[in-house]
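Keep in mind it's a predicted model, so treat the numbers as computed, not measured. Proteins get letters first, then strands, A, B, ... in listed order; numbering begins at 1 in each.
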Protein chains: 2
Amino acid sequence: MSRVWNFSAGPAALPLPVLERAQRELLDWNASGASVMEQSHRGKRFIAMAHKVDADLRELMGIPDNYAVLFEQGGATQHFAQIPMNLAREGDSADYIITGHWSEKAANEGAPYVHVNVAATSKAESFLRMPARETWQLDPKAAYVHIATNETIHGVQFKQVPEVGDVPLVADMSSDILSGPVDVSRYGLIYAGAQKNIGPSGLVLIIIRRDLLERPIRPMAKIFRYLEHAANDSMLNTPNTWGWYLAGLTFEWLKDNGGLVAMAERNRQKSELLYATIDGSGGYYRNPIDPPVRSRMNVPFTLHDSALDAAFLQESEAAGLMALKGHKALGGMRASLYNAVPLEAVHALVDFMHDFAHRHG
Amino acid sequence: MSRVWNFSAGPAALPLPVLERAQRELLDWNASGASVMEQSHRGKRFIAMAHKVDADLRELMGIPDNYAVLFEQGGATQHFAQIPMNLAREGDSADYIITGHWSEKAANEGAPYVHVNVAATSKAESFLRMPARETWQLDPKAAYVHIATNETIHGVQFKQVPEVGDVPLVADMSSDILSGPVDVSRYGLIYAGAQKNIGPSGLVLIIIRRDLLERPIRPMAKIFRYLEHAANDSMLNTPNTWGWYLAGLTFEWLKDNGGLVAMAERNRQKSELLYATIDGSGGYYRNPIDPPVRSRMNVPFTLHDSALDAAFLQESEAAGLMALKGHKALGGMRASLYNAVPLEAVHALVDFMHDFAHRHG
């Protein structure tokens with residue numbers, strides 16, 4: 001077996017020690033004589049695991065006690081709809097900050113449930129920079145303000161938490177959660193699909209300030225209501241037990257490796273190495289994003305001549321560098337540098353990029 | 001490592017060869033150099049796998065071409081709500097047949113989206129028998145008729161498909177799908193949480209007649225609409241890729257082991273052995289269900305003296321028989337005999353039951 005360096009945007013690389021442990025205990029978890037996938041989620045072993053996962057995440061992120069942590073399903077996309085279903089009443093308005101594909105999609109999927117006020121957008125600038133905070137047209141009566149802290153496709157990232165006053169700030173952190181420390185208390189709700197920095201796809205993490213669970217809502221099935229999930233410790237119905245377990249292994253791996261401060265430093269090194277290689281290539285490689293808001297997780301770049309794209313992809317794959325093809329919306333390349341991607345992988349990538357430019361110069 | 005015999009109601013036992021294969025290829029799937037969990041669902045390897053999974057399931061169940069097969073999330077419980085959202089307009093009525101906990105829950109969760117007409121119920125008889133078909137008060141204008149083919153908690157099972165005329169029959173088959181042949185063409189929609197006979201939890205299989213995808217509906221986010229999922233081959237957003245993969249391994253295992261006809265025969269043998277042991281125990285063990293509708297998947301039973309329950313559970317666990325505790329709604333014991341539970345496991349169980357009765361007689 002030979003593992004490759006995996007730059008997939010998601011489902012993305014998982015930490016090798018996490019995979020190795022999952023492999024070891026796949027047939028017999030926790031001395032139960034059965035796989036973790038074959039356990040009742042209401043059994044004592046799984047409940048004990050769930051408590052540890054909750055405690056580890058709270059420690060890693062410094063989550064205050066007045067926040068509930070939920071392990072849900074449906075992808076972030078489903079929660080684009082469920083968030084207004086839970087935080088807004090019929091006729092309410094919410095402010096959306098559009099900084100790329102995903103924040104725009106959040107607004108579109110939320111629109112059947114809340115009046116979407118686009119309070120700021122960088123669409124006219126092809127999402128190459130962030131709309132300056134002082135230009136945002138916020139409504140003090142909004143049910144919430146929605147941002148995506150990192151845009152997986154467009155490669156822009158908030159580097160500070162925007163100040164939005166007393167209106168709850170809701171953040172899709174799918175592609176940068178756990179990549180560095182976060183002041184959770186600045187947010188009303190944080191959510192993230194697992195398949196980048198948490199675990200396998202099919203799991204969504206939701207961190208919600210408890211007072212927001214009590215907002216009056218329109219009639220709906222219980223299964224859509226965060227309050228019900230919180231009251232039932234994310235076991236209102238059968239959860240994605242495998243995803244929950246792997247998330248727990250990832251949280252342990254993060255704790256064993258210095259936590260989120262150490263991750264932030266690693267991610268800074270990785271992304272700076274790649275951006276420096278791009279910027280220092282004399283235009284052979286290009287990333288057009290405004291430098292202060294360049295993402296540390298997702299680095300889109302183009303070659304100076306798109307006729308070289310096919311060769312770049314073929315040769316990089318042959319060199320053991322996987323999933324560098326850019327999103328179809330932008331073309332070119334994209335390297336995703338989530339927590340599980342080591343600095344060594346980025347060294348291998350930039351070495352390949354130098355070599356490719358030399359050979360195809 | 002020593003594997004136990006696992007009678008969990010769900011998440012339930014998986015076939016050992018499926019687990020062993022998943023373990024072998026956990027770090028390097030399909031010569032990709034990465035786990036199946038680390039692959040883009042839009043990559044060529046995953047797409048090829050998805051096509052094979054679809055073809056294998058269609059072959060196993062004989063699914064006609066005019067049915068779409070979807071791999072969804074949220075558990076059957078979420079689809080208790082999504083089904084009326086997709087099949088009924090505001091103000092429509094649907095017929096529900098209540099034969100136990102789960103069909104009752106389907107009606108309750110559907111109620112915000114459709115007028116629920118309880119066309120038949122055996123609740124007054126503690127769900128010990130099925131309401132006779134001729135007593136059902138069906139509405140010919142109903143949007144659909146809903147049944148649960150097998151009640152996981154109450155242990156009753158439809159042995160024939162009820163005739164309901166031209167109204168689409170919608171069936172929750174979570175706990176008996178793939179346990180034997182099914183005439184899919186008799187149904188408008190079949191759905192099933194994966195965690196009993198398909199794979200790990202966090203995946204829901206939906207088989208829907210394509211004309212039903214086109215029904216006019218109220219405004220909703222795309223993510224809730226089956227039509228959108230079908231048009232995007234269940235990749236409207238990132239699916240549960242691990243669950244999908246394991247479902248595929250299970251379908252291969254079913255094909256390698258004689259398909260659904262062979263499963264039906266195995267399940268008949270397993271359940272008849274256990275029911276014969278209960279019925280032949282002179283009242284030491286009891287199952288009160290009307291024999292013709294006793295479930296072949298979930299066998300609830302009680303001991304003649306509930307003071308023995310704790311000893312039965314403790315001793316059975318020590319004997320390598322896992323998860324025999326009954327659901328809290330009924331107390332006593334429950335043995336779930338899904339496809340992955342071999343006849344050998346049921347022999348071990350009945351041997352233990354004889355021995356226990358002898359020692360504690």
**Student:** Could you tell me the separation between the CG atom of B/L19 and the CG atom of B/L26, rounded to the nearest 0.5 Å?
**Tutor:**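 Those atoms lie 11.5 Å apart.
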**Student:** Rounded to the nearest 0.5 Å, how far does CD of B/E151 lie from CH2 of B/W102?
**Tutor:**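 With rounding to 0.5 Å, CH2 (B/W102) is 9.0 Å from CD (B/E151).
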**Student:** May I ask you to list the residues in residues 34-42 of chain B that approach chain A closer than 4.5 angstrom, counting heavy atoms only, ordered by number?
**Tutor:**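 Residues B/A34, B/S35, B/M37, B/E38, B/Q39, B/S40, B/H41 are the ones that qualify, each having a heavy atom under 4.5 Å from chain A.
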**Student:** To the closest 0.5 Å, what do you measure between CZ (A/F80) and OH (A/Y113)?
**Tutor:**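 The OH atom of A/Y113 is 13.5 Å from CZ of A/F80, to the nearest 0.5 Å.
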**Student:** With a 4.5 angstrom heavy-atom cut-off, which part of A/P112 approaches chain B: side chain, backbone, both or neither?
**Tutor:**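 Contact with chain B is through the side chain of A/P112 alone.
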**Student:** Side-chain donor-acceptor pair under 3.5 Å between B/S201 and A/T241, yes or no?
**Tutor:**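 Per modelled atom types, B/S201 and A/T241 side chains form a pair under 3.5 Å.
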**Student:** If you count heavy-atom pairs under 4.5 Å with chain A, which of B/P219, B/G74, B/G199 comes out on top?
**Tutor:**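 Counting heavy-atom pairs under 4.5 Å, the top option is B/G74.
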**Student:** Say you draw a straight line from CG of B/N30 to OH of B/Y245; how long is it, rounded to the nearest 0.5 Å?
**Tutor:**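 Going from the CG atom of B/N30 to the OH atom of B/Y245 covers 9.5 Å.
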**Student:** Relative to chain B, which of A/G243, A/A81, A/P200, A/A12 shows the most heavy atom pairs under 4.5 Å?
**Tutor:**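 Most heavy-atom pairs within the cutoff with chain B belong to A/A12.
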**Student:** Measure from the side-chain N and O atoms of A/D233 to the backbone N and O of A/M235, and report whether any donor-acceptor pair falls under 3.5 Å.
**Tutor:**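 Not confirmed, A/D233 side chain does not pair with A/M235 backbone.
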**Student:** Pick from A/G202, A/A221, A/A13: which one has the most heavy-atom pairs with chain B under 4.5 Å?
**Tutor:**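 Of the options given, most contacts go to A/A221.
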**Student:** Pick from B/G75, B/A9, B/G43: which one has the most heavy-atom pairs with chain A under 4.5 Å?
**Tutor:**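 Most heavy-atom pairs within the cutoff with chain A belong to B/G75.
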**Student:** Under 4.5 Å, counting heavy-atom pairs only, tell me which of A/K222, A/M220, A/E109 racks up the most with chain B.
**Tutor:**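 Ranked by heavy-atom pairs under 4.5 Å with chain B, first place is A/E109.
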**Student:** Can you tell me which portion of A/F224 sits under 4.5 Å from chain B's heavy atoms? Options are side chain, backbone, both or neither.
**Tutor:**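 When you check distances to chain B, only side chain atoms of A/F224 fall under 4.5 Å.
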**Student:** With no hydrogens and no angle check, do the side chains of A/H229 and A/E72 hold a donor and an acceptor under 3.5 Å apart?
**Tutor:**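 Checked: A/H229/A/E72 side chains pair up, N/O donor to acceptor below 3.5 Å.
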**Student:** Under 3.5 Å, is there a donor on one side chain and an acceptor on the other for B/N298 and B/N150?
**Tutor:**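 B/N150 and B/N298 do have a side-chain donor-acceptor pair below 3.5 Å.
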**Student:** Once rounded to the nearest 0.5 Å, what's the spacing between atom CD1 of B/I223 and atom CG of B/N237?
**Tutor:**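 Rounded to the nearest 0.5 Å, the CD1-CG separation comes out at 3.5 Å.
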**Student:** As a quick check of understanding, evaluate side-chain hydrogen bond (donor to acceptor under 3.5 Å, both in side chains) for A/D172 and A/S174, giving each step before the final call.
**Tutor:** CA-CA 6 Å; A/D172 176 358; A/S174 292; 2.7 Å; yes
**Student:** Are the side chain of A/H79 and the backbone N or O of A/Q73 linked by a donor-acceptor pair below 3.5 Å?
**Tutor:**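 Yes: the side chain of A/H79 pairs with the backbone of A/Q73.
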**Student:** Would you sort out whether B/M297 and B/T152 count as a side chain to side chain contact (heavy atoms under 4.5 Å, CB included), showing the intermediate values?
**Tutor:** CA-CA 8 Å; B/M297 293 283 101; B/T152 319; over 6 Å; no
**Student:** Using heavy-atom distances under 4.5 Å, tell me whether A/A22 contacts chain B through its side chain, its backbone, both, or neither.
**Tutor:**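 Both parts, backbone and side chain.
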**Student:** So, for B/N197 and B/S175, which heavy atoms are closest and what is the spacing to 0.1 Å?
**Tutor:**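 Between these two residues, the closest heavy atoms are ND2-O, 4.3 Å.
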**Student:** Counting only non-hydrogen atoms closer than 4.5 Å, can you tell me which residues of residues 317-339 of chain B sit against chain A?
**Tutor:**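 Counting heavy atoms that sit under 4.5 Å from chain A, the residues of residues 317-339 of chain B involved are B/E317, B/M322.
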**Student:** Can you tell me which portion of A/L246 sits under 4.5 Å from chain B's heavy atoms? Options are side chain, backbone, both or neither.
**Tutor:**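 The side chain, not the backbone.
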**Student:** Let's go through A/E25 and A/R21 carefully: what are the C-alpha distance in whole Å and the side-chain angles of both, what is the deciding distance for salt bridge (charged side-chain N to carboxylate O under 4.0 Å, His left out) to 0.1 Å, and is it a yes or a no?
**Tutor:** CA-CA 6 Å; A/E25 47 194 47; A/R21 179 158 163 201; 3.3 Å; yes
